[in-house]
Amino acid sequence: MKKLILIDGNSIAYRAFFALPLLNNDKGVYTNAVYGFTTMLLKIIQEEKPSHMLVAFDAGKTTFRHKTYEEYKGGRQKTPPELSEQFPLIRELLDAFNIKRFELDNYEADDIIGTLSKEAEKEKWEVKVVSGDKDLLQLVSDYVTVVLTKKGITNVESYDEALIDEKYGIKPNQIIDMKGLMGDSSDNIPGVPGVGEKTALKLLKQFGTIENVLDSVDDVSGKKLKEKLIENKEQALMSKELATIFTEVPYNLTLDELKFGEYDEEKVVSLFKELEFKSLVDQFDTGVSAAEKELEELSFDVVEEVKEEHLATPAAMVVEVLDENYHQADIAGFALVHEKGRYFIPTETALRSDLFVEWAKDETKKKWLLDAKRGVVVLGWKDVLLDGVDFDLLMASYLLDPSHSSHDLSDIATRKGAKSIQADEAVYGKGAKRKVPETGVLAEHLVRKANVIYELKEQMEEELKKNEQFKLFKDLEMPLSVVLGRMETEGVKVDIDQLKAMGEDLASRLAELEKHIHEHAGVSFNINSPKQLGEVLFEKLGLPVIKKTKTGYSTSADVLEKLAEDHEIIRHILHYRQLGKLNSTYIEGLVKVTHKDTSKIHTRFNQALTQTGRLSSTDPNLQNIPIRLEEGRKIRKAFIPSEEGWKILAADYSQIELRVLAHIAQDEKLITAFKEDMDIHTKTAMDVFHVSEEDVTSMMRRSAKAVNFGIVYGISDYGLSQSLGITRKEAAKFIERYLASYPNVAEYMERIIEEARENGYVSTLLNRRRYLPELTSRNFNQRSFAERTAMNTPIQGTAADIIKKAMVEMALRLEEANLKSRLLLQVHDELIFEVPPEEVDKMMKIVPEVMENAVELAVPLKVDISAGDTWYDAK
DNA sequence: GCGATCAGCGG
DNA sequence: CTTTCGCTGATCGCA
């Protein structure tokens, strides 16, 4: 049975506004109407569990009713600004809940609601109309009830025909007659003077309709009343007309589009947080989360010995690892769900079973997982090969919408309307308290997880196909996860002794620097504490305060550099910072994660995190090993091949993002520049400053480079001003000049924003998507950010697509050619391999060829490659 | 033991 | 008032 809720948005917002004191959040935004609206909404959702929902709003000031009666709604107080500023927030709220909202020029919310309720009624849907306006009662029928607010906002009363009869003694369709007679001061509907509710009802009980009253006016008792009725005949009829809800509003919605159900819980909670609806955040976290929902019964078997019947294809599979870091981690257990049943298999039972191990490595046995790489790698460490991964729910969820910060199975289940399951955190606990629960609890949880994967596979693939992302999913990200898994498991060899030697050197130099700094300061303090350092510099030494953070003085490097002339201590501090960073993050950090026996580092690439499609690397992050300063670059000397005599080979795309930009903007100037393999920053300087190549100064090139940098990373004029040390205005002018020099780029920037606003998302060459709802935000910062994102994501994302494609292709080539060379790392535009000496020449040819031909663009892709004994030497 | 804050590395 | 991101480490206040 379908159940449609129709909400009179304006009416409820008004009610909420006047019912509640003027709350505001710490940014000074009034939120009381939003709050009231939200509580009402949550209550309705919880109590009514609607399948469909719509909130209607009044559109402009005038409606078709004004043609009938100019003074319609005349004399009304203007909407207080404290309320009108809350409407955009209410809209945002509804969007977060994925509730359709609708307004239409010339019509009131009532008319929209009336039209849709009639429509739904025809389909025999149950309809609930929510409003504070009694006018709506005219819509009540066998299928339609009207919920009116009584006092406050959540105190409501549901009107069906019986209740209307009880209260007024009339039928719903007589409400308009009642209004016609008695009028409505709030809408400035005149009615018949002297007739109030009592008289109106009395007349209607006797005559049924206004028309009948007027026709039989002679039978009306009371001389005065009779006169008034005759005198105001036209006015009464007009008033009835005004009060009549128009039920044939032209609209372009189908009832199905009003479907309510899936929405982004995170988005809602984050909006609540922004609005400071603390109680709602709490209530929401527990009240709507899967944890509190009653879980349906689910039968399953605990496998004691793996038999044929436990293994089928396709099968949803859970390989549970509690440690966040899955390298060399313990497996808590397995679950399999397929057509033959649902099973929990204890770790040992599975791993000692030849049947299971054979099934796992059989690529014809299709497995569906969440985070396949995790499963593959953890089993790999136990020498169990997992092949035949046919579907990865994590990748699917990420590609469909990368914006979700959690791709925890319970969150995906909630979002996608699958059977709800408990969050891992609720089952295992978090932080130090995280532990494996008793077997029964664990088994059930894992089986439920596998069950959800099984349930969602088709739906997710359909969604991917609908978005034309299936190829991206199946031919790029899925194979890539296998490649990444191998890279992670292989690891990178580290010369630990060298690392330690560098550490000792750094430690002694740091001690020396510390001594100097304390002497200069005349006091011993912790240099690593920005708080203490700030006190010393700005209070004790009285240096000028250049920038403040929200908790105190800023002591960041750019601030310190400005103070370098003022005091000798600054140089030492900067140097201390530099060495300290190297020592703690890179030396100590890397030593800590280097495997004792093998001297290898196993990072993890997160393939489902960034909004642009880039990878990230953790535990440790091997994508930010120093290179710019020689001192730091030396760290790379410690990254060595894992086998004697092998080489490290590094291949990086030259200016891949700007080449991608040239391609998508189809900018002839840029395309030519790349075809001729010019130095792109020099070229940009030439174009922006209108000078010839010889006249480009280093300052010009630096500025041009910063602008190019800004284009690639989507920074603001403020960001550019910071990086160039100029004013925001000057930075804005630079950008302007850049865009004037490359009109096609300017056109692209405008086009992509427009397109994103229309579609709600931007996409990359290979159809990766990023949704940008903030493009319509009323908040300048949010909107500007979304606009820069719209411009930048197709560029950075396409570059990510390209290198990912090259990686998959490369893995294939290595296998086909039976090469021993191994891909070790990816650093956004760079691939690092280790290569046996006899393959170096071959690889120096193959790698650039594969990378440069990963896709075909309007410009050539260029790859620089070099080999050396260490990562440092591969430059 | 945890989260917030500041700082700094890479692309 | 806040302006590429993602990751890590040190400090500090709080429980």
Side-chain angles (χ1 to χ4, degrees), chain A residues 26-29 402 405 430-434 525-534 547-560 573-574 576-590 592-593 603-606 609-629 631-633 635-636 652-658 706 708-723 728 731-732 770 774 779-793 795-797 799-800 803 825-830:
Chain A
D26 70 350
K27 291 175 198 90
V29 180
S405 61
K430 66 171 172 179
K433 287 189 220 125
R434 194 173 165 93
F525 68 101
N526 188 342
I527 308 166
N528 284 321
S529 163
K531 190 167 173 259
Q532 293 181 35
L533 179 62
K547 201 164 75 180
K548 294 199 110 193
T549 66
K550 57 180 161 185
T551 53
Y553 310 109
S554 169
T555 66
S556 60
D558 56 314
V559 168
L560 295 186
I573 293 169
L574 282 165
Y576 179 90
R577 281 259 180 89
Q578 190 204 342
L579 301 189
K581 176 79 181 179
L582 292 179
N583 197 35
S584 55
T585 305
Y586 295 105
I587 304 291
E588 290 173 4
L590 290 176
K592 235 181 284 173
V593 292
T603 183
R604 276 146 43 235
F605 289 104
N606 196 334
L609 185 138
T610 69
Q611 304 303 299
T612 55
R614 278 186 165 190
L615 301 174
S616 78
S617 155
T618 50
D619 248 346
N621 180 357
L622 291 184
Q623 292 183 319
N624 71 343
I625 303 302
I627 187 166
R628 292 181 196 177
L629 301 173
E631 189 90 49
R633 191 175 197 155
I635 303 276
R636 294 180 174 224
D652 68 288
Y653 281 109
S654 160
Q655 302 298 346
I656 187 168
E657 283 96 351
L658 293 174
N708 281 331
F709 177 89
I711 301 266
V712 169
Y713 293 122
I715 62 172
S716 59
D717 48 9
Y718 175 84
L720 182 65
S721 75
Q722 290 299 299
S723 69
R728 199 192 53 77
R770 181 172 190 177
E774 289 88 359
N779 177 312
F780 174 81
N781 286 323
Q782 281 186 16
R783 196 175 58 245
S784 308
F785 180 56
E787 286 170 357
R788 293 201 305 275
T789 307
M791 302 186 270
N792 152 260
T793 298
I795 300 173
Q796 202 180 108
I803 194 164
L825 296 172
Q826 187 251 45
V827 190
H828 309 309
D829 64 353
E830 183 184 18

Touch class at under 4.0 angstrom, heavy-atom based, for A:Thr789 against every strand present: nothing
A:Ala799 to A:Ile656 - nearest heavy-atom pair and separation: CB-CG2, 4.0 Å
Sugar-phosphate only, base, or nothing, as touched by A:Asn606 at under 4.0 Å among non-hydrogen atoms: nothing
Distance below 4.0 Å between A:Arg614 side-chain N/O and C:dG6 OP1 or OP2: no
Nucleotide nearest A:Asn621 (side chain, heavy atoms from C-beta), chosen from B:dC6, C:dT8, C:dT4: C:dT8
Phosphate OP1/OP2 of C:dT2 contacted by A:Ser784 side-chain N/O (<4.0 Å): no
Interatomic distance, A:Lys548 NZ vs C:dC1 P [rounded to whole Å]: 14 Å
Nearest-neighbour nucleotide for the A:Pro626 side chain, B:dC9, B:dG11, C:dG6 considered: B:dC9
Spacing of A:Ile795 atom CD1 and A:Leu658 atom CG [to the nearest 0.5 Å]: 8.0 Å
Side chain of A:Ser556 - closest among B:dG8, B:dG11, C:dG6: B:dG8
Candidate list A:Asn792, A:Thr610, A:Thr793, test side chain to side chain donor-acceptor pair (under 3.5 Å), partner A:Arg770, passing option: A:Thr793
Base B:dC9 paired with A:Asn624 side chain (donor-acceptor, <3.5 Å): yes
Exercise: identify the closest heavy-atom pair between A:Asp558 and A:Lys547: OD2-NZ, 3.5 Å
Residue-phosphate contact under 4.0 Å: A:Gln532 side-chain N/O, C:dC12 OP1/OP2: yes
Distance below 4.0 Å between A:Thr551 side-chain N/O and B:dT5 OP1 or OP2: no
A:Ala432 side-chain proximity, nearest of B:dC2, C:dT4, B:dG10: B:dC2
N or O in side chain of A:Ser617 less than 4.0 angstrom from C:dC7 OP1/OP2: no
Separation of B:dC6 P from A:Lys531 NZ (nearest whole Å): 13 Å
Rounded interatomic separation in angstrom, taking NZ from A:Lys547 and P from B:dC6: 11 Å
Per A:Thr549 side chain, nearest of listed nucleotides B:dA7, B:dG11, C:dA10: B:dA7
Distance test, side-chain N/O of A:Thr555 to OP1/OP2 of B:dA7, below 4.0 Å: yes
Proximal nucleotide (of B:dC6, B:dC9, C:dT3) relative to the A:Ser716 side chain: C:dT3
Nucleotide nearest A:Lys581 when distance is taken to its side chain, options C:dG6, B:dC9, C:dT2: B:dC9
Nucleotide nearest A:Leu609 when distance is taken to its side chain, options C:dG6, B:dG11, B:dG8: C:dG6
A:Asn526 vs C:dT11: side-chain N/O to OP1/OP2 distance below 4.0 Å: yes
Whole-Å gap separating P (B:dG10) and CG (A:Leu825): 16 Å
P atoms of B:dC6 and C:dT2, separation to the nearest Å: 11 Å
Minimum side-chain heavy-atom gap A:Ile711-A:Phe709 below 4.5 Å: no
Distance between C1' atoms of B:dA7 and C:dC1 (Å, rounded): 22 Å
Distance in angstrom units between A:Phe785 CZ and C:dC1 P, rounded: 21 Å
Whole-Å distance separating the CG atom of A:Asn792 from the P atom of C:dC5: 9 Å
Nucleotide C:dC5, atom P - distance to CG of A:Asp829 in whole Å: 19 Å
Value in whole Å for how far the C1' atom of B:dT5 lies from CG of A:Asn528: 14 Å
Interatomic distance, A:Leu579 atom CG to A:Ile587 atom CD1 [nearest 0.5 angstrom]: 10.5 Å
Separation of A:Gln623 CD from A:Gln826 CD (nearest 0.5 Å): 5.5 Å
N/O donor-acceptor pair, side chain A:Arg628 with base B:dG11, under 3.5 angstrom: yes
